[in-house]
Amino acid sequence: MASSADTRAQETSYMMRDKYDAALVGKHCQYEYCNQLDFLPFLCQSCTGTYCLDHRTESTHKCANAGAWAERKRLANLSKPSIGQGKTLRDNVSQKPCASPECKTVVGTSLVPGVHCDMCNRDYCLKHRLKEDHDCRNLVPIGARPMQTDVAQKTRSALDRLRAWGSAKKEQAGRALPKPKPSSAAARVIATKKLKETAKGDKKVPEEKRLYLYVEAEAETAKAKLPKGEFFFSKDWVIGRLLDQAAAGLQVQNINNQSSDEKDKLRVFHVEGGRILEYGEKVGSVLQSGNTVILLRGVGPPADLIEV
């Protein structure tokens with residue numbers, strides 16, 4: 001690799017003489033009015049004279065062969081091979097029709113370049129270059145191994161079975177559980193007012209934070225001494241804490257923290273919402289005063305999570 005001094009010498013008409021040649025005794029500037037002793041003299045690349053720092057350029061020492069260095073550089077640049085020299089352009093380019101069945105455009109020409117899709121390993125015109133435009137998801141990649149295709153099909157089949165199982169689970173829960181009874185707005189107001197008068201709960205919860213609910217325990221999935229009750233809970237609680245309080249209020253066995261088996265776990269079903277609630281959901285975000293929740297055992301996680 002050329003040094004920085006050599007690079008600068010190629011860009012100027014002067015260059016520093018060999019430092020080992022002048023390090024000890026130096027050289028005198030050859031400009032007739034100067035003759036200064038310089039221990040780091042410069043060589044003019046046009047007239048090959050030696051000059052000090054002040055007279056190193058062609059103009060300052062009135063070079064007798066001014067421009068010779070620039071001419072040599074110009075000729076040297078002209079002698080360099082140009083970009084692409086020695087290479088020939090192909091008269092014919094590879095041409096093929098667009099891989100989209102309904103498209104008749106020929107791609108791979110100098111005017112219509114082809115766009116290669118890395119997913120399905122096919123070439124398309126500009127109109128069908130996007131994956132959505134040539135239905136890439138449903139195409140088997142060219143050159144793909146049969147095993148890869150089988151794995152993809154098995155994965156899709158497993159997801160389909162999972163969705164079907166989730167739908168059946170949700171449908172089964174819908175048949176087994178009560179539906180919310182339709183009532184007028186006035187009837188709901190009266191019922192909520194009555195509920196507030198009879199509901200039980202933690203008295204430490206401020207009145208403005210209280211949310212009043214009808215709570216039941218399904219007889220088929222829980223052995224409850226008091227299967228129904230009216231309670232109030234804090235809007236700031238999560239469903240998991242509501243479940244603990246409701247189970248204690250109805251005297252339902254709660255071993256959620258002792259067993260990892262879903263058959264033993266209690267879940268909260270929101271009748272008006274028609275779904276099983278997550279343990280971490282906030283009470284005030286998913287429930288309203290006057291709603292009904294049911295404690296179920298062994299129904300598994302929420303159906304919304306099952307339906308991928």
Expected output: side-chain [X] to main-chain [Y] donor-acceptor under 3.5 Å:
X: Lys265; Y: Asn256; value: yes
X: Arg210; Y: Val205; value: yes
X: Ser100; Y: His134; value: no
X: Arg72; Y: Gln45; value: yes
X: Asn77; Y: Arg74; value: no

Practice task
Output the distance between atom CD1 (Ile276) and atom OH (Tyr279), rounded to the nearest 0.5 Å.
Solution key: 9.0 Å
Handout entry: Nearest heavy atoms of Leu139 and Asp135, plus distance in Å
Key = CG-O, 3.4 Å
Problem - Ala99 to Tyr124 - nearest heavy-atom pair and separation - result: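 Heavy atoms of Ala99 and Tyr124 come nearest at CB-CE2, 3.6 Å.
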Handout entry: Pair listing, side chain to side chain donor-acceptor pair (under 3.5 Å) test, anchored in residues 236-245, at least two apart
Key = Lys209-Asp236, Asp244-Asn254
Does the side chain of [X] come under 3.5 Å of the side chain of [Y] through a donor N or O and an acceptor N or O?
X: His116; Y: Asp123; result: yes
X: Asp38; Y: His28; result: no
X: Gln95; Y: Thr109; result: no

Problem - Side-chain ion pair, Lys196 and Glu230, N-O less than 4.0 Å - result: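 Glu230 and Lys196: not salt-bridged.
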Could you tell me whether the side chain of [Y] reaches within less than 4.5 Å of the side chain of [X], counting heavy atoms only?
X: Leu242; Y: Leu213; result: yes
X: Lys27; Y: Phe42; result: no
X: Arg297; Y: Val252; result: yes

Exercise for the section: Among Ile, Leu, Val, Met, Phe, Trp and Tyr joined by side-chain contacts under 4.5 Å, find the other residues sharing a cluster with Tyr51 and list them by chain and number. Expected result: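 Once heavy-atom contacts under 4.5 Å are chained together, Tyr51 belongs with Tyr31, Tyr33.
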Handout entry: side chain to side chain contact (heavy atoms under 4.5 Å, CB included) partners for Arg129, two or more places apart
Key =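 Checked Arg129 against side chain to side chain contact (heavy atoms under 4.5 Å, CB included); matches are Val115, Leu126.
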Exercise for the section: Decide yes or no on side chain to side chain contact (heavy atoms under 4.5 Å, CB included) for Glu272 and Thr292, but give the supporting numbers first. Expected result: CA-CA 7 Å; Glu272 285 76 12; Thr292 300; 4.0 Å; yes
